[in-house]
Peer 1: 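Quick one: this structure, given as structure tokens, is what I'll be asking you about.
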Amino acid sequence: MKRLQLKNQWVLVTGASSGLGEEMARQLAIQHKANLLIVARRRERLEQLKTELEQSAGVQVKAIAADLSVLADVDRVITESLEGGQLYGAVLNAGLTYFGRHADLPWDRFESILQTNVVGVTRITTALVKHFETTGKEGGLMIVASMAALYPVPYQAAYSATKAFLLSFTNALSHEIQNPKFSVTAYAPAGIATEMTGGEAFHGLKSWLMPVKQAAAEGLHAFVTRKYSHIPGRLNRLGSMFMHLLPKKFLAAQMGKIYYKSLLQSEAATGTPTPGRP
Ligand SMILES: NC(=O)c1ccc[n+]([C@@H]2O[C@H](COP(=O)([O-])OP(=O)(O)OC[C@H]3O[C@@H](n4cnc5c(N)ncnc54)[C@H](OP(=O)(O)O)[C@@H]3O)[C@@H](O)[C@H]2O)c1
């Protein structure tokens, strides 16, 4: 399959108001000269990015403020993306996490994580796959999962489970595609320095984090070259191969110790108690 040719094509990027999505949108516009549909809840941030990219890259940008945990908003994004029949690509990147004991996660926050990370992504993916399968048009879709999809992550239990869904779903789906000009890619980064990891709870893990520019560039390379799955960073890829050799229970216990230590450091810094011990 030939590489995606993004120049002058329309690409949907969700979660473009910060972090990885914002940086991928910037690189898609400046380096690949793609027109963009950018989606997130924070309208002002999207409008700022639209102005910046239209001026600096000379591309067209459409900002869509939407809460992807709400099905009506998800459907509006689908309609706006497919109207005119010009959509060429999509990077479904929007996601939420919770770092702490699962027992302390309020139910409405859990529902929001599940709706955004799983239900919204699955609904958009279903609509786009139907579109590309029925029209036979050329294009590509990339879903941002996480390395946390590869093994259970204590203290991010719900988050890692949503990402495990995305990785399994994306990989399975790619085998069902019959349009030879359409690809489905799973992207599974380890820690990245973004708003998501900017909180005090991640303080002890800062040295692990990949710069967002690198994570965005590797992700877009995987998207354009239509990779099946990609983990950015050579050490992360080596680590993932090694991890497959170890029992999941052992890996989860080691992750739990590291994450719990980081939570304790956050407790010391913020004065918020971290209940329980692993
Ligand atoms: N940072 C990491 O260490 C890491 C590692 C592996 C994978 N990832 C994945 O990478 C993706 C991007 O995360 P990030 O690190 O760049 O975090 P981030 O800076 O917090 O960005 C998350 C983006 O998702 C959007 N978003 C969240 N909930 C939304 C909702 N309900 N509706 C619409 N947009 C929503 C946010 O925009 P608004 O708040 O404006 O809505 C924001 O643009 C996520 O899927 C994350 O799971 C991150």
Side-chain angles (χ1 to χ4, degrees), residues 12-27 36-50 63-78 91-99 108-125 142-151 153 156 158-167 170 186-199 201-203 205-216 218-220 222-223 229-233 236 240 259 262:
L12 166 70
V13 181
T14 69
S17 63
S18 68
L20 182 61
E22 180 182 350
E23 186 54 33
M24 285 197 287
R26 197 168 273 121
Q27 294 185 15
L36 299 174
L37 293 141
I38 51 175
V39 178
R41 290 166 300 185
R42 286 171 289 180
R43 182 186 293 278
E44 282 162 29
R45 292 243 192 151
L46 294 179
E47 293 295 344
Q48 270 174 17
L49 186 63
K50 171 181 158 69
I64 308 173
D67 183 344
L68 297 175
S69 70
V70 176
L71 280 188
D73 279 22
V74 172
D75 288 346
R76 183 164 50 84
V77 168
I78 293 169
V91 178
L92 303 186
N93 157 82
L96 291 171
T97 193
Y98 165 78
F99 190 13
D108 58 350
R109 223 175 130 190
F110 166 70
E111 283 188 318
S112 181
I113 293 171
L114 190 65
Q115 289 293 328
T116 307
N117 294 11
V118 174
V119 180
V121 174
T122 308
R123 197 161 170 99
I124 298 175
T125 300
M142 184 165 80
I143 291 179
V144 178
S146 167
M147 256 185 98
L150 304 180
Y151 44 82
V153 182
Q156 287 204 95
Y159 172 77
S160 63
T162 64
K163 293 296 176 175
F165 174 94
L166 288 184
L167 185 60
T170 310
Y187 188 44
I192 312 166
T194 64
E195 276 183 20
M196 183 176 274
T197 49
F202 285 91
H203 192 75
L205 307 170
K206 291 267 185 280
S207 58
W208 291 14
L209 302 178
M210 176 178 276
V212 70
K213 280 189 192 319
Q214 183 188 345
E218 279 210 39
L220 292 180
F223 178 51
S229 270
H230 185 67
I231 295 172
N236 292 331
S240 82
Y259 276 52
S262 186

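Both backbone and side-chain heavy atoms feed into the values below; hydrogens, waters and symmetry mates do not. Both ligands and their constituent atoms are indexed starting at 1 by order of listing.
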Peer 1: Is it the case that atom NZ in Lys213 sees more than 12 heavy atoms from other parts of the structure closer than 6.0 Å?
Peer 2: no
Peer 1: Answer yes or no: is there an ion pair linking Glu23 with Arg26, defined by an N-O contact shorter than 4.0 Å?
Peer 2: yes
Peer 1: Thr170: which residues meet the side chain to side chain donor-acceptor pair (under 3.5 Å) condition with it, sequence neighbours left out?
Peer 2: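 Listed in chain order: nothing, the list is empty.
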Peer 1: Should the heavy atoms of other residues, nucleotides or ligands under 6.0 Å from CZ of Arg43 be counted, would the total exceed 12?
Peer 2: no
Peer 1: Name the residues with a heavy atom less than 4.0 Å from ligand 1?
Peer 2: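 Under the 4.0 Å cut-off, ligand 1 touches Gly15, Ala16, Ser17, Ser18, Gly19, Leu20, Ala40, Arg41, Arg42, Ala66, Asp67, Leu68, Ser69, Asn93, Ala94, Gly95, Leu96, Thr116, Val144, Ala145, Ser146, Tyr159, Lys163, Pro189, Ala190, Gly191, Ile192, Thr194, Glu195, Met196, Thr197.
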Peer 1: Hey, is the main chain of Ala65 close enough, under 3.5 Å, to the side chain of Arg76 for a donor-acceptor pair?
Peer 2: yes
Peer 1: Using distance alone, with no hydrogens and no angle criterion, decide if Gln48 and Glu44 have a side-chain donor and acceptor under 3.5 Å apart.
Peer 2: no
